[in-house]
Amino acid sequence: MSMELDFEKPVIELRKKIDELKEVTKHADVDLRQEIEKLETRLQILEDEIYKNLKPWDRVQIARHPNRPTTLDYISCLFEDFFECHGDRLFGDDEAVVGGIAKFKGIPVTVIGHQRGKDTKENIRRNFGMPHPEGYRKALRLMYQAEKFNRPIICFIDTKGAYPGKAAEERGQSEAIARNLFEMSGLKVPIICIVIGEGGSGGALALGVGNYIYMLENSTYSVISPEGAASILWRDAALAKKAAESMKITAQDLMELGIIDGIIPEVKGGAHRDVKKQAELIEPVLLEALTSLSRLTGPELVKQRYEKYANIGSFSSLNG
Amino acid sequence: MLRDILHKGKKKYATIPLESQKAEVPEGIMTKCPNCKKIMFTKELEKNLKVCLHCSYHFQMGAKERLKSLLDENSFVELNENLISENPLNFPDYLEKLEKDREKAKINEAVVTGKGSISGYPVTIAVMDANFRMGSMGSVVGEKIKRLIEYAGTHSLPFIIFTASGGARMQEGVLSLMQMAKTSAALKKFSNDGGLIITVMTHPTTGGVSASFASLGDYNLAEPGALIGFAGRRIIEQTIREELPKDFQTAEFLLKHGQLDAVIPRHELKEKLTLLLDLHWTGGGKQ
């Protein structure tokens, strides 16, 4: 199943033309090899041009691609012996968050992430990757467990946001998110966070207080969705494209704002083109982060994390 | 009765010099309660801590008024009052809007922070003000709160915060979002050292503020009728496609669902805060 995005149309059309020509040469007695070669070079140039100059809104489309790899995809590519743990021990098991223990290059780690579905049925089960409080509380339970056994924590961030529902409010969505921010900041083990798709507001941040934060090249991280921002700012959700530009939500923007520690490149066209290759691009970054954080003691890890967030902000003083 | 009040108001208006009166009650001589629709003298309403004389509806309170209503006279010392926001995202009109709010609300940002004493007990206190950018949290709000928590830690003082906020400030984008982590981390460190945290949620406390420091008190208190919640009512109704109960996301609703320690009417706040401070003063904590 190939789902093409708007900005890719010129590439797709050209590729189609090349395929047609190839088809023609098969059956007809004409030599179009030169022509095809020319077009293929042009395709190459066109692809490079488009994928190297992606606009924020193009990246939003890639980040939301239905086939974009999810937390479980990366878990199966990057880790061995994954043992999934369920439930928050208080209310239930929220399948919009997955978590458990696994080995990364032989090292036991705790891995947690938002989990959305790839089709309607799975999305309903996973609530479109939008957690309830019990999802965040499950995550926190697993983080405490990681601290107890001195395991590093790896979080994959991929959510439109915490679920805006009645039950979620009744069970304390705010408290659940706040508690995770509070407790994650004090954990004495390494925490590495990778935004793999959409990083939607507080619901994303609740798994995002780490020593190192990375973003995939085409992922986004924002305080509000472009649609939400557009409807508040200009009372028109159709202006989301404009909002995506002014809200500074791409990996490149966050790098510039000094919030994240690195951008992980994606395979050409987006991570959904090749999950395995994408995992191979994540692997060295993860390994390096784990290696460098393993040199820090518990209190040093807490201090490094504290200072990282304490320094985020832009302000000045009235009297100079 | 209503006519009496109106009549009285008219008479008073005619006998008092206009200019000085205007300066004292900029909102006008009479105020109508949005809840019971009854009209009362603004001065009397203010004397009653901005609680409706008829139905006990709690009007919003500005930061300076709040501090005056709680702290011992002349005890307040403001900290970091000169911090102001920049425009990190180059958002159109943002700086102008800030300037306008500085003039309107007569404060430099959406939170006023400082130290003072309540019934003799020294405290640090932060009060958010919904008159400034709807109390939204950008870099400055986050920074001032973080600095106050650190100050409270250094000086072994309790930390009290009155929240009133629409959430994270959109014009500073993801920088606003990160203030949630920054303030929560500061509270964690303070808490680990035995610091006392009291939060009082006032109308409205929503979004990123509700989902960070507002919910992290050792004691989470709220004023009656305050709107408190993570997601907006309209968004929830659109998502679940059903109408929500009338009391949804009120302080009373949160109390019922186990999210608050107590809902405390404004008239009792000072007394209850004093009680809590007293209970932690000797042997009950570091303070």
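Letters go in sequence order (proteins before strands), and every chain restarts at 1.
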Pick one of side chain, backbone, both or neither for [X], based on which atoms fall under 4.5 Å of a heavy atom in chain A.
X: B:Asn108; value: side chain
X: B:Phe253; value: side chain
X: B:Leu244; value: side chain

Option among A:Thr250, A:Ile62, A:Val60 that satisfies the side chain to side chain contact (heavy atoms under 4.5 Å, CB included) test with A:Leu54: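 With A:Leu54 as partner, A:Thr250, A:Ile62, A:Val60 yield a single side chain to side chain contact (heavy atoms under 4.5 Å, CB included), made by A:Ile62.
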[Y] and [X], any side-chain heavy atoms less than 4.5 Å apart:
X: B:Arg133; Y: B:Val141; value: no
X: B:Met137; Y: B:Glu172; value: no
X: A:Asn211; Y: A:Lys308; value: no
X: A:Lys248; Y: A:Pro56; value: no
X: B:Leu187; Y: A:Phe182; value: yes

Chain A interface, residue from B:Thr239, B:Leu254, B:Asn80 that has the most non-hydrogen pairs under 4.5 Å: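 Of B:Thr239, B:Leu254, B:Asn80, B:Thr239 has the most heavy-atom pairs under 4.5 Å with chain A.
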Max heavy-atom pair count under 4.5 Å with chain A, selected residue of B:Lys146, B:Gln179, B:Lys189, B:Gln259: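 Top option by heavy-atom pairs under 4.5 Å: B:Gln259.
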Select one option (side chain, backbone, both, neither) describing which atoms of [X] are under 4.5 Å from chain B's heavy atoms.
X: A:Ala162; value: both
X: A:Ile312; value: both
X: A:Ile249; value: neither
X: A:Arg305; value: neither

Straight-line distance of B:Thr199 OG1 to B:Ile161 CD1, nearest 0.5 Å: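 Between atom OG1 of B:Thr199 and atom CD1 of B:Ile161 there are 8.5 Å.
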Max heavy-atom pair count under 4.5 Å with chain B, selected residue of A:Lys166, A:Glu183, A:Arg171: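 Heavy-atom pairs under 4.5 Å are most numerous for A:Lys166.
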Greatest number of heavy atom pairs closer than 4.5 Å to chain B - which of A:Ala176, A:Ser201, A:Gly161, A:Gly186: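 Heavy-atom pairs under 4.5 Å are most numerous for A:Ser201.
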